[in-house]
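No experiment lies behind these values; they were computed from the predicted model shown. Letters A, B, ... are given to chains in the order of the sequence lines, protein chains preceding strands, and every chain is numbered from 1.
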Amino acid sequence: MKIATWNVNSLKVRLPHVIDWIAANRPDALCLQELKMEDKAFPVAELEAVGYHAAFNGQKTYNGVAILSPAPLEAVVRDIPGFADEQKRIIAATIGGVRVISAYFPNGQAVGSDKFAYKLRWLAALTDWLREELKTHERLVLAGDFNIAPEDRDAHPDWKEEIHVSAPERTAFAALAALGLRDVFRQFDQPESSYSWWDYRMGAFRRNFGLRIDHILVSPALCAGCRSCTIDKTPRKLERPSDHAPVSVEFDL
DNA sequence: ATGGCATAATCCTTATGA
């Protein structure tokens, strides 16, 4: 089974890239973030035409998440249950017996800001919810744009901002890991300076000035079967790219 | 010291991203 995640930064603009990437990679599940569109604008027909169903949780202008799959998407849940939030950042579905969650974590803007406090509140609510989910879903995948670089090696050495690398954010990431969820990328040898996001400015991609903030975390029941985890930089080289690259994991069930 | 790019929504400027 192959599961991937991709922050597309506007599905309207990026739909051709998504369609091409699906055709080349045929994932069993593709988690998308930052759709930046309302549900009524979601390209259902275009994706059906390439053999993919979709569950989506959209919002005008900001946020918005989806899961695409050639197989039926069952038991769809939108948003974190019990957490009052206007922002559309979560969708979950069961695909082939695997609970798949597409998550767009808050950016946080700046350490100490109101948005940073919201990021930490949101992370705490997510962790509480997943603790319960894991009781009923042994096979679980949390994939998305975490907006956290979990270790120093996940950020370019010249990254001078605190946001995405601060201690409170990394502590919150560790709390997710403490549920038993494993950052699959680090289960395998990887190239040095592996990142999944590069700023549009300053020639950041050319200089590989990036952050690894897009992650796939898997439950213990799936971890042993994991065969690979890779970041695909090819779509970042296209005209009008997303600033994020897709991340994929392959595992045996 | 600042903003540098991209997107979407008020439009020709602003909010947000990371």
Side-chain angles (χ1 to χ4, degrees), chain A residues 5-18 21 31-43 56-66 85-90 102-123 126 143-173 183 185 193-216 231 233 235-247:
Chain A
T5 181
W6 195 3
N7 178 325
V8 292
N9 185 21
S10 168
L11 183 57
K12 181 183 177 185
V13 174
R14 231 63 65 193
L15 184 61
H17 291 189
V18 172
W21 196 85
C31 299
L32 301 177
Q33 301 87 36
E34 281 210 87
L35 308 181
K36 296 186 172 182
M37 60 167 51
E38 294 178 281
D39 286 347
K40 63 186 180 192
F42 193 89
F56 40 91
N57 189 16
Q59 179 183 338
K60 189 164 131 181
T61 311
Y62 302 116
N63 311 313
V65 288
D85 191 359
E86 298 297 306
Q87 304 185 26
K88 302 304 185 185
R89 298 182 173 278
I90 287 286
S102 178
Y104 176 48
F105 289 48
N107 175 300
Q109 200 166 62
V111 174
S113 66
D114 288 349
K115 287 178 180 174
F116 188 77
Y118 163 69
K119 183 175 192 172
L120 296 182
R121 276 202 315 277
W122 189 93
L123 272 154
L126 177 72
D145 174 1
F146 284 54
N147 272 314
I148 299 171
E151 300 179 62
D152 286 347
R153 60 179 167 166
D154 299 317
H156 189 282
D158 293 339
W159 180 260
K160 298 303 183 196
E161 307 289 331
E162 279 188 282
I163 194 68
H164 309 305
V165 301
S166 74
E169 289 165 271
R170 286 178 169 176
T171 299
F173 186 94
D183 178 1
F185 189 75
S193 307
S194 286
Y195 306 126
S196 66
W197 169 86
W198 304 264
D199 201 305
Y200 285 120
R201 300 167 291 184
M202 305 176 290
F205 183 66
R206 175 177 50 77
R207 297 187 295 120
N208 195 31
F209 185 93
L211 301 172
R212 192 177 72 89
I213 53 177
D214 300 272
H215 307 298
I216 300 176
I231 298 171
K233 291 168 76 167
R236 188 64 176 77
K237 301 168 185 170
L238 299 170
E239 291 292 314
R240 287 191 91 185
S242 169
D243 43 356
H244 295 254
V247 183

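In this structure, A/Glu38 atom CD and B/dA8 atom C1' are separated by 12 Å, rounded to whole Å. Going from atom CZ of A/Arg240 over to atom P of B/dA8 covers 8 Å, rounded to whole Å. A/His215 places its NE2 atom 12 Å from the P atom of B/dA18, with the value rounded to the nearest Å. As rounded to whole Å, 15 Å separates atom P of B/dA1 from atom NZ of A/Lys160. A/Phe209 places its CZ atom 16 Å from the P atom of B/dC5, with the value rounded to the nearest Å.
Every residue two or more places apart in sequence or in another chain that forms a side-chain contact (heavy atoms from CB on, under 4.5 Å) with A/Arg201 is listed here: A/Asp199. Scored by the side-chain contact (heavy atoms from CB on, under 4.5 Å) test, A/Glu151 finds A/Arg153, A/Asp154, A/Arg186 as partners (sequence neighbours excluded). In this view, A/Asp39 and A/Phe56 satisfy the side-chain contact (heavy atoms from CB on, under 4.5 Å) rule, not counting sequence neighbours. Listed by chain and number, the residues in a ring-ring contact (aromatic ring centres under 6.0 Å, His included) with A/Phe185 amount to none (sequence neighbours excluded).
On the P atoms, B/dT16 is 14 Å away from B/dT10, given to the nearest whole Å. The C1' atoms of B/dC11 and B/dT7 are separated by 14 Å, rounded to the nearest whole Å. Rounded to the nearest Å, the gap between the P atom of B/dT13 and that of B/dG4 is 14 Å. B/dA1 sits 34 Å from B/dC12 when the P atoms are compared, rounded to a whole Å.
A/Asn9 and A/Lys36 are linked by a side-chain donor-acceptor pair at a separation below 3.5 angstrom, with hydrogens and angles left out of the test.
In this structure, A/Ser10 reaches the B/dA8 phosphate: one of its side-chain N or O atoms is under 4.0 Å from OP1 or OP2.
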Show the atom names and distances, to 0.1 Å, of all donor-acceptor pairs under 3.5 Å that link a side chain in residues 158-165 of chain A to residues at least two apart or in another chain.
residue	atom	partner	partner atom	Å
A/Trp159	NE1	A/Glu161	O	3.1
A/Trp159	NE1	A/Ile163	O	3.2
A/His164	ND1	A/Asn147	O	2.9

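In this structure, A/Phe105 and A/Arg14 both approach DNA chain B, and ranking their closest nucleotides by distance from the 5' end singles out A/Arg14.
Here A/Asp152 pairs with A/Arg170 in a salt bridge; the nearest charged N to carboxylate O distance falls below 4.0 Å.
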Would you tabulate the nitrogen or oxygen pairs shorter than 3.5 Å linking the protein to nucleotides 10-17 of chain B?
residue	atom	partner	partner atom	Å
B/dT16	O5'	A/Lys115	NZ	3.4

